[in-house]
Amino acid sequence: NVDLGPPDQKKTLMTKLTQVISTGLGKPDSYVAIHLNDKQSMMWGGSDEGCALCTVASLGSINLKNNQQVVKGVSNLLADAPYGIKHDRVYIEFRDVARENMGYNGATFAG
């Protein structure tokens, strides 16, 4: 629900998030897609203070160790200026997607 800034600032954030996700999940940057929705109408605990809802979907690599690394990296990036989103106002959902349930390049990853 925060303003993530002008396009160049958003691109910088997306580049940093790509690095956090790719490093945390052990996947190449080319496998990471980032989608930002800023300036949303959101409340958390009755407050409209800055907050974020995130989803990470991956074919494998979703486990406690990797998830902890991603949570730390994403939360730290969002807490930094100019965003200022507190760690306790960020939810990150992790989804381990079956190969047959993810499509890319005209087919599913299962074939």
Side-chain angles (χ1 to χ4, degrees):
N1 66 339
V2 299
D3 184 349
L4 298 174
D8 60 326
Q9 189 172 317
K10 289 178 188 177
K11 184 175 181 180
T12 298
L13 176 60
M14 288 189 288
T15 299
K16 290 178 180 179
L17 287 168
T18 296
Q19 290 300 306
V20 166
I21 301 296
S22 67
T23 300
L25 297 183
K27 305 231 179 211
D29 290 357
S30 61
Y31 286 19
V32 178
I34 304 290
H35 179 219
L36 299 176
N37 282 324
D38 61 344
K39 300 183 260 183
Q40 299 294 301
S41 298
M42 295 172 61
M43 289 191 90
W44 185 309
S47 168
D48 64 354
E49 180 183 352
C51 60
L53 302 175
C54 309
T55 303
V56 176
S58 178
L59 302 173
S61 299
I62 299 295
N63 59 58
L64 180 60
K65 179 183 173 192
N66 291 351
N67 297 357
Q68 287 173 329
Q69 186 172 347
V70 169
V71 167
K72 182 178 180 181
V74 170
S75 296
N76 286 342
L77 281 174
L78 295 177
D80 287 345
Y83 316 114
I85 301 173
K86 297 175 184 173
H87 287 204
D88 65 353
R89 294 185 61 80
V90 176
Y91 272 144
I92 303 175
E93 175 188 4
F94 292 89
R95 295 183 191 168
D96 194 354
V97 181
R99 297 177 66 75
E100 63 270 16
N101 294 333
M102 180 75 73
Y104 171 74
N105 200 23
T108 68
F109 280 91

Check your understanding: Can you name the closest pair of heavy atoms from Cys54 and Val90 and give their distance?
Key -> SG-CG1, 4.3 Å
**Study point:** Atom of Ser58, atom of Lys27 and distance for their closest heavy-atom approach
**Key:** OG-CE, 3.2 Å
Review point. Quick one: does Met42's side chain get under 4.5 Å of Leu53's, heavy atoms only?
Key: yes
Check your understanding: Tell me, do Thr12 and Lys16 make a side-chain contact under 4.5 Å, heavy atoms counted?
Key -> yes
Review point. Excluding sequence neighbours, so at least two apart, what forms salt bridge (Lys or Arg N to Asp or Glu O under 4.0 Å) with Lys10?
Key: Asp38
Study note, to complete from the structure: Output for pair (Gln68 CD, Phe94 CZ), nearest 0.5 Å, gives 9.5 Å
Check your understanding: For atom OH of Tyr31, is the number of surrounding heavy atoms from other residues, nucleotides or ligands below 6.0 Å larger than 12?
Key -> no
Check your understanding: Who passes side chain to side chain contact (heavy atoms under 4.5 Å, CB included) against Asn63, sequence neighbours left out?
Key -> Lys65, Asn66
**Study point:** side chain to side chain contact (heavy atoms under 4.5 Å, CB included) against Thr18, all qualifying residues, sequence neighbours excluded
**Key:** Asp29, Val32, Ile34
Exercise for review: Check whether Ile21 and Leu59 end up in the same hydrophobic cluster, where Ile, Leu, Val, Met, Phe, Trp and Tyr are linked by side-chain heavy atoms less than 4.5 Å apart.
Suggested key: no
Check your understanding: Is any side-chain heavy atom of Thr108 less than 4.5 Å from a side-chain heavy atom of Asn101?
Key -> no
Practice item. List the atom of Ala52, the atom of Trp44, and the distance in Å for their closest heavy-atom pair. Key: O-CZ3, 3.9 Å
Check your understanding: Would you say Leu36 and Leu17 make side-chain contact, with heavy atoms under 4.5 Å?
Key -> yes
Check your understanding: Atom OG1 in Thr23, atom CD in Gln69: separation rounded to 0.5 Å?
Key -> 7.0 Å
Practice item. Quick one: pull up CG in Asn1 and CE in Met43 and give me the separation to the nearest 0.5 Å. Key: 9.5 Å
Exercise for review: Give the cluster check for Leu13 versus Ile92: same hydrophobic cluster or not, with ILVMFWY residues linked at side-chain heavy-atom distances below 4.5 Å.
Suggested key: yes
**Study point:** Ile62 vs Val97 side-chain heavy atoms within contact, under 4.5 Å
**Key:** no
Review point. Do His87 and Asn76 touch side chain to side chain, with heavy atoms closer than 4.5 Å?
Key: yes
Practice item. Would you give the length of the straight line joining atom CG of Leu4 to atom CE of Met14, rounded to the nearest 0.5 angstrom? Key: 9.5 Å
Exercise for review: Start with the C-alpha gap between Val56 and Leu25, add the side-chain angles, then the distance that decides, and say whether side-chain contact (heavy atoms from CB on, under 4.5 Å) holds.
Suggested key: CA-CA 10 Å; Val56 176; Leu25 297 183; 4.0 Å; yes
Review point. At their closest point, which heavy atom of Gly111 faces which heavy atom of Ala107, and how far apart are they?
Key: O-CB, 4.3 Å
